[in-house]
Novice: 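One structure follows; several queries about it will come next.
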Protein chains: 2
Amino acid sequence: MGRNSLKDERRKEIIEKYYLVAKKEGLENTSIAKIATEMQINPSLIIHYFKNKEELNYALIDFILEKYLVIYKRQKLAEDDHKSYLIELIDKLFSKKWNTLFNDSVFYSCYAMGFRDKKIKEKFKSLQDALRRHLAEILLRCNDSGAIQIESPEKTADLIYVLVDGAYYYSSLVSEKAEYELKLKDYKQYALSVLKI
Amino acid sequence: MGRNSLKDERRKEIIEKYYLVAKKEGLENTSIAKIATEMQINPSLIIHYFKNKEELNYALIDFILEKYLVIYKRQKLAEDDHKSYLIELIDKLFSKKWNTLFNDSVFYSCYAMGFRDKKIKEKFKSLQDALRRHLAEILLRCNDSGAIQIESPEKTADLIYVLVDGAYYYSSLVSEKAEYELKLKDYKQYALSVLKI
DNA sequence: TTATTAATTGAATGTTCATTCAAAAATACT
DNA sequence: AGTATTTTTGAATGAACATTCAATTAATAA
């Protein structure tokens, strides 16, 4: 008996608003009070659900990193068509989706936080490693099925992601849309040439 | 007549301390008061030299971006030996120097600031563009002298820096020193293969 | 010595911050 | 109706913040 818990929903609402305010004002200028104002609730309610700002930040990082999964959601394709999947994946990795999915300011602020907080750094690292392992796995299968011929799937996967990360880093400075898309296309081309596709 | 100005020296001291405190505490947790305490001076003296925090931040960005030049300081080599210069440059770009020169936390915090401040973004962009143009110039000369044969110096320079940036981004998460150096070596190898050296 | 200029201090401003605590309101079950 | 549980509020805390202003101290040159 007693009142039903709204914990999960409320926590989610709070984090979403946190992200929204951070997009508008910058992460370092976002306070519990501001989130509360935006939600028209009392600041202490946020503390009630998150204990302190540190916990709030952890939840925000999780929220942001979960966005990665969106990119990896696969369209329907024949289960064993590894090569199509690979090409589709490369396509997504070098798509504009990244820039619509992530807010650069918030993203790099979170990344910077990782260097002052071991737990956050670990979150980033384990995600990146998982992504690399996943790609390496795909490459291995493609190799096995003769779809591609590369030497080391692990090293190649690593290299592809270095290209992705480097592309994302530099592209975020490019304001001209046309130039931006042109560059992205070039980088993708290089990635494909690494795979000898 | 009147007292001599210490403006330049003082400003430099302040920025250096700012960077130092930011390294220790994180940029977003660094206040004028903290810098002043560290310097054993009055907070208002910092305002006296920088007007407000915004100006202080601009100066910090300049300070950080100037560090790039250190990497480009050339050892003595024959003036017209373009290929040696190129190899030396690639060597430096993929060296551990980056990580000793820049504090990751402060660097990415500054980078993030760029997305909320046009002036800062411009500073980053124009530096990166200058670096790319410089490398493209070297590549062009090497091409002309027959030292290398590549299609587009501009595109290649761009690609090399995408590799550098991506490598720096990912490597900063790698804590194992041996693994870190191994990766760096691989990325450099790929850069060289792009140049067909 | 005196006038001039710049460095530096110190106190005060008002704002925002994260966090605490107790009290109230809302909801659910018996 | 009554009890248990959770949500939510509201007031209060003390600390830290950027910035201001006037006053003081220190150096320099005439």
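When reading the values below, keep in mind they use all heavy atoms of this one structure, side chains included, and skip hydrogens, waters and symmetry mates. Worth saying up front: this structure is predicted, and the values here are computed from it rather than measured. Each chain gets a letter, A, B and so on, in the order the sequences are listed, and its residues count up from 1.
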Novice: Could you state the atom-to-atom distance from CD of A:Glu28 to P of C:dC17 in whole Å?
Specialist: 13 Å
Novice: With a 6.0 Å cut-off on ring centres, are A:Tyr169 and B:Tyr169 close enough?
Specialist: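 Ring centres of B:Tyr169 and A:Tyr169 not closer than 6.0 Å.
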Novice: Quick test of your reading of the model: are B:Arg133 and B:Glu137 salt-bridged, counting only N-O distances below 4.0 Å?
Specialist: no
Novice: Report the distance from atom CE of A:Met39 to atom P of D:dT9, rounded to the nearest whole Å.
Specialist: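 So the two atoms are 10 Å apart, to the nearest Å.
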Novice: Both B:Ile41 and A:Asn29 contact DNA chain C. Taking the nearest nucleotide for each, which residue is further toward the 5' end?
Specialist: B:Ile41
Novice: So does A:Ile150 get a backbone contact from the side chain of A:Asn143, meaning a donor-acceptor N/O pair under 3.5 Å?
Specialist: yes
Novice: Applying salt bridge (charged side-chain N to carboxylate O under 4.0 Å, His left out) to B:Glu38 and B:Lys24, what does each step give before you reach the verdict?
Specialist: CA-CA 12 Å; B:Glu38 194 77 11; B:Lys24 217 197 307 169; 3.7 Å; yes
Novice: Does the ring of A:Tyr170 carry B:Arg132 above it, NZ/CZ under 6.0 angstrom from centre and within 45° of its axis?
Specialist: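 Judged by the rule, B:Arg132 and A:Tyr170 form a cation-pi pair.
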Novice: State whether the side chain of A:Asn42 and the backbone N or O of A:Leu45 hold a donor-acceptor pair below 3.5 Å, judged by distance alone.
Specialist: no
Novice: Which pairs would a plain distance check flag for residues 57-64 of chain B, meaning a side-chain donor or acceptor within less than 3.5 Å of a matching protein atom at least two apart in sequence or in another chain?
Specialist:
unit_1: B:Asn57; atom_1: OD1; unit_2: B:Tyr18; atom_2: OH; d: 2.5
unit_1: B:Tyr58; atom_1: OH; unit_2: B:Glu54; atom_2: OE2; d: 3.2
unit_1: B:Tyr58; atom_1: OH; unit_2: B:Asp117; atom_2: OD1; d: 3.3
unit_1: B:Tyr58; atom_1: OH; unit_2: B:Asp117; atom_2: OD2; d: 2.9
unit_1: B:Asp62; atom_1: OD1; unit_2: B:Lys123; atom_2: NZ; d: 2.9
unit_1: B:Asp62; atom_1: OD2; unit_2: B:Lys123; atom_2: NZ; d: 3.3

Novice: Tell me whether A:Asn29 contacts the main-chain N or O of A:Glu25 through its side chain, where contact means a donor paired with an acceptor under 3.5 Å.
Specialist: yes
Novice: Tell me which residues in residues 45-60 of chain A lie within less than 4.0 Å of DNA chain D, going by non-hydrogen atoms.
Specialist: A:Leu45, A:His48, A:Tyr49
Novice: Begin with the C-alpha distance, continue with both residues' side-chain angles, and end with the deciding distance and a verdict on side chain to side chain contact (heavy atoms under 4.5 Å, CB included) for A:Gln128 and A:Asp165.
Specialist: CA-CA 10 Å; A:Gln128 310 253 33; A:Asp165 293 333; 4.1 Å; yes
Novice: Side chain to side chain contact (heavy atoms under 4.5 Å, CB included) between A:Ile15 and A:Leu56: does it pass, once the steps are laid out?
Specialist: CA-CA 7 Å; A:Ile15 293 302; A:Leu56 195 63; 3.9 Å; yes
Novice: Between A:Ser31 and C:dT16, does any side-chain N or O lie under 4.0 Å from OP1 or OP2?
Specialist: no
Novice: Let me know, please, whether B:Thr30 or A:Pro43 comes out on the 5' side of the other along DNA chain D by nearest nucleotide.
Specialist: A:Pro43
Novice: Between A:Ser145 and A:Lys83, is a side chain to side chain contact (heavy atoms under 4.5 Å, CB included) present by the stated rule, with each step listed?
Specialist: CA-CA 9 Å; A:Ser145 71; A:Lys83 191 168 184 186; over 6 Å; no
Novice: When you look for runs of 3 or more Watson-Crick or G-U pairs in a row, both distances below 3.5 Å, which of them include DNA chain D?
Specialist: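 Only these stems qualify: C:1-30 with D:1-30.
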Novice: Going by side-chain contact (heavy atoms from CB on, under 4.5 Å), B:Val162 matches just one of A:Tyr168, A:Tyr190, A:Tyr187. Which one?
Specialist: A:Tyr187
Novice: Does anything in residues 6-24 of chain B reach DNA chain D, meaning a heavy atom under 4.0 Å, and if so which residues?
Specialist: none
Novice: Can you check nucleotides 10-14 of chain C for protein contacts, nitrogen or oxygen pairs under 3.5 Å, and list what you find?
Specialist:
unit_1: C:dG10; atom_1: N7; unit_2: B:Asn42; atom_2: OD1; d: 3.2
unit_1: C:dG10; atom_1: N7; unit_2: B:Asn42; atom_2: ND2; d: 3.1
unit_1: C:dG10; atom_1: O6; unit_2: B:Ser44; atom_2: OG; d: 2.9

Novice: Could A:Glu13 and A:Arg10 be called an ion pair, given the rule that one side-chain N must be under 4.0 Å from one carboxylate O?
Specialist: yes
Novice: Aromatic contact between A:Phe107 and A:Trp98, with the criterion being ring centroids under 6.0 Å apart: yes or no?
Specialist: no
Novice: With ring centroids as reference points, do B:Tyr111 and A:Tyr108 lie under 6.0 angstrom apart?
Specialist: yes
Novice: Could you go through nucleotides 27-29 of chain D and list every protein N or O atom that sits under 3.5 Å from one of its N or O atoms, giving the distance for each pair?
Specialist:
unit_1: D:dT28; atom_1: OP1; unit_2: B:Asn4; atom_2: ND2; d: 3.2
unit_1: D:dT28; atom_1: O4'; unit_2: B:Gly2; atom_2: O; d: 3.4
unit_1: D:dT28; atom_1: O2; unit_2: B:Gly2; atom_2: N; d: 3.3

